[in-house]
Participant: 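Once you've had a glance at the structure underneath, I'll fire off some questions.
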Protein chains: 2
Amino acid sequence: MTGRSNQARSGAAGAVDGGAGLDLQHYFPYRLARLAEQVSLAVAEVYSERFALTRQEWRVLAILGARSEIATKEIGPLTTLDKMQVSRAVQGLEARGIVSRTYDPADRRERIVSLTSAGRALYRKIVPYALEREAGLLAVLTPEEIKILDRAMRKLSAGLA
Amino acid sequence: MTGRSNQARSGAAGAVDGGAGLDLQHYFPYRLARLAEQVSLAVAEVYSERFALTRQEWRVLAILGARSEIATKEIGPLTTLDKMQVSRAVQGLEARGIVSRTYDPADRRERIVSLTSAGRALYRKIVPYALEREAGLLAVLTPEEIKILDRAMRKLSAGLA
DNA sequence: GGCAAATCGTAACATTTGATACTATTTTCG
DNA sequence: CGAAAATAGTATCAAATGTTACGATTTGCC
């Protein structure tokens with residue numbers, strides 16, 4: 001990704017010659033996927049190993065911690081989960097007493113999800129660890145790097161939407 | 001991730017109060033996972049929709065394009081795939097005539113994977129699109145931003161290893 | 001008002017992915 | 001040398017995930 005680092009590097013090691021080469025180790029999409037997976041794994045230690053939540057459940061919990069009560073259909077857009085993932089995550093959380101559900105009286109197709117008090121307690125317990133993890137990750141960067149990384153991520157994301 | 005953007009923002013919208021809050025939309029691990037998924041999807045258009053390869057098969061092909069011949073056991077570390085994923089990806093590629101395999105005479109447990117000529121042709125066909133995609137993604141960034149992004153990714157990755 | 005189309009959430013099925021254990025071979029070392 | 005341990009790759013089974021279609025309800029429109 002450093003400029004043309006992935007451009008024609010012909011004649012290398014018996015590879016396909018006469019055309020462009022692609023070095024996977026330096027290919028930006030690969031590197032990004034790899035990093036995201038590493039980070040995801042590191043964060044999963046918090047919610048998964050310590051609190052037995054799936055990634056999807058954790059995302060839903062994170063949203064509910066901030067909103068406390070939410071219509072099921074709003075969860076998807078906020079968590080980047082499709083409606084089936086949301087359905088399963090919420091069912092999982094309900095089975096463990098972390099959320100409860102009621103039907104919206106104004107539209108009985110919809111269900112409202114709320115944190116139980118156990119859910120609120122769990123949220124309060126997890127969040128410090130999650131924030132600590134985030135801070136720990138970013139600690140290797142300078143404030144300047146964080147700022148640019150933030151901007152770059154926004155721009156990349158916007159460029160894809 | 002911008003400094004303490006995820007720190008205590010108590011009293012917001014009926015949420016859990018008296019403790020720290022975590023805004024998922026600004027939580028770095030979430031944002032990174034989201035971006036990586038977007039990018040992955042964009043790149044998958046190239047190898048998946050146009051050439052019917054899975055992500056794992058594409059990674060193996062990308063390695064073989066540069067090496068042309070490789071021991072199966074070397075593929076995993078180079079592609080971040082576990083040995084089962086490698087096994088399945090290689091089988092898939094072999095079934096489609098993209099690679100062929102022989103047993104290593106020096107150690108008959110090992111198998112050597114090589115690109116067939118059809119595989120080389122496929123590689124040459126895909127690579128330009130893949131590089132074009134990468135360039136397209138990065139085009140929204142300035143050279144300076146690319147440089148810092150590159151550095152930040154390296155540092156984050158190293159910090160996790 | 002009433003019927004067609006849309007929406008919400010989930011069930012049911014298919015496919016993908018992950019975990020475990022097995023076969024074949026090679027290496028280690030008593 | 002030869003038995004025990006290690007290694008490469010894969011089969012097999014279990015779990016997670018994606019897809020399709022459905023039941024219940026609401027909305028739009030004639």
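When reading the values below, keep in mind they use all heavy atoms of this one structure, side chains included, and skip hydrogens, waters and symmetry mates. Throughout, protein chains are lettered first and strands after them, A, B, ... in sequence-line order, and every chain is numbered starting at 1.
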Participant: Where the side chain of B/Thr72 is concerned, which of D/dT26, C/dA19, D/dG9 is the nearest nucleotide?
Facilitator: D/dG9
Participant: Report yes if at least one side-chain N or O of A/Arg109 is closer than 4.0 Å to OP1 or OP2 of D/dC22; otherwise report no.
Facilitator: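 So the side-chain polar atoms of A/Arg109 never come under 4.0 Å of the phosphate oxygens OP1 or OP2 of D/dC22.
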Participant: Taking CG from B/Asp104 and P from C/dT26, how many angstroms apart are they, rounded to a whole number?
Facilitator: 9 Å
Participant: What integer distance in Å separates B/Met84:CE from C/dT16:P?
Facilitator: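 To the nearest whole Å, that distance equals 14 Å.
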Participant: What do you reckon, is CZ of B/Arg101 surrounded by more than 12 foreign heavy atoms closer than 6.0 Å?
Facilitator: yes
Participant: Whole-Å distance between C/dT23 C1' and B/Arg111 CZ?
Facilitator: 13 Å
Participant: Can you see whether A/Tyr47 has A/Arg55 sitting over its ring - NZ or CZ less than 6.0 Å from the centre and within 45° of the normal?
Facilitator: no
Participant: What is the distance, to the nearest angstrom, from the CD atom on A/Gln91 to the P atom on D/dT17?
Facilitator: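 Atom CD in A/Gln91 sits about 14 Å away from atom P in D/dT17.
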Participant: I want to verify a distance call: between D/dG9, C/dT26, D/dT26, whose nearest atom is closest to the B/Asp107 side chain?
Facilitator: C/dT26
Participant: Consider the side chain of A/Arg88, meaning its heavy atoms from C-beta on, and name the nucleotide among C/dA12, D/dG9, C/dT17 that approaches it most closely.
Facilitator: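 Of C/dA12, D/dG9, C/dT17, C/dA12 is nearest to the side chain of A/Arg88.
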Participant: Which pair of non-hydrogen atoms, one from A/Tyr30 and one from B/Thr79, has the smallest distance, and what is that distance?
Facilitator: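 Closest approach of A/Tyr30 to B/Thr79, heavy atoms only: OH-C, 3.3 Å.
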Participant: Could you tell me whether A/Lys73 contacts a base, only the sugar-phosphate backbone, or nothing, with contacts defined as non-hydrogen atoms closer than 4.0 Å?
Facilitator: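 Touches sugar-phosphate only.
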Participant: When all nucleic acid strands are considered with a 4.0 Å heavy-atom cut-off, which category describes A/Glu74: base, sugar-phosphate, or nothing?
Facilitator: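 It contacts nothing in the nucleic acid.
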Participant: For C/dT23, does either OP1 or OP2 sit under 4.0 Å from a side-chain N or O belonging to B/Arg108?
Facilitator: no
Participant: Roughly, in whole Å, what's the span from CD1 in B/Ile70 to C1' in D/dA8?
Facilitator: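 Between C1' of D/dA8 and CD1 of B/Ile70: 15 Å.
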Participant: C/dG9, D/dT10, C/dT25: which one has an atom nearest the side-chain heavy atoms of B/Ser87?
Facilitator: D/dT10
Participant: Quick one: which of C/dA11, D/dT12, D/dA8 gets closest to the side chain of B/Lys83?
Facilitator: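 Out of C/dA11, D/dT12, D/dA8, the nucleotide with an atom closest to B/Lys83's side chain is D/dA8.
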Participant: Starting from P on C/dC8, measure out to CG on A/Asp82 and report it in whole angstrom.
Facilitator: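 Going from A/Asp82 (CG) to C/dC8 (P), I get 14 Å.
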Participant: On the nucleotide C/dT17, are OP1 or OP2 found under 4.0 Å from the side-chain N or O atoms that B/Gln85 carries?
Facilitator: no
Participant: For atom OH of A/Tyr129, is the number of surrounding heavy atoms from other residues, nucleotides or ligands below 6.0 Å larger than 12?
Facilitator: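 Not buried by this count: 12 neighbours or fewer within 6.0 Å.
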Participant: Given the ring of B/Tyr103, does B/Arg111 sit roughly above its face, with NZ or CZ under 6.0 Å from the centre of the six-membered ring and within 45° of the axis?
Facilitator: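 Yes, B/Arg111 and B/Tyr103 form such a contact.
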Participant: Side chain of A/Gln56, heavy atoms from C-beta onward: which of D/dT17, C/dT10, D/dT25 has the nearest atom to it?
Facilitator: D/dT17
Participant: Starting at atom CZ of B/Arg101, determine the distance to atom C1' of D/dA8, rounded to an integer number of angstrom.
Facilitator: 12 Å
Participant: Using whole Å, what does the distance between atom P of nucleotide D/dT17 and atom CZ of B/Arg55 come to?
Facilitator: 14 Å
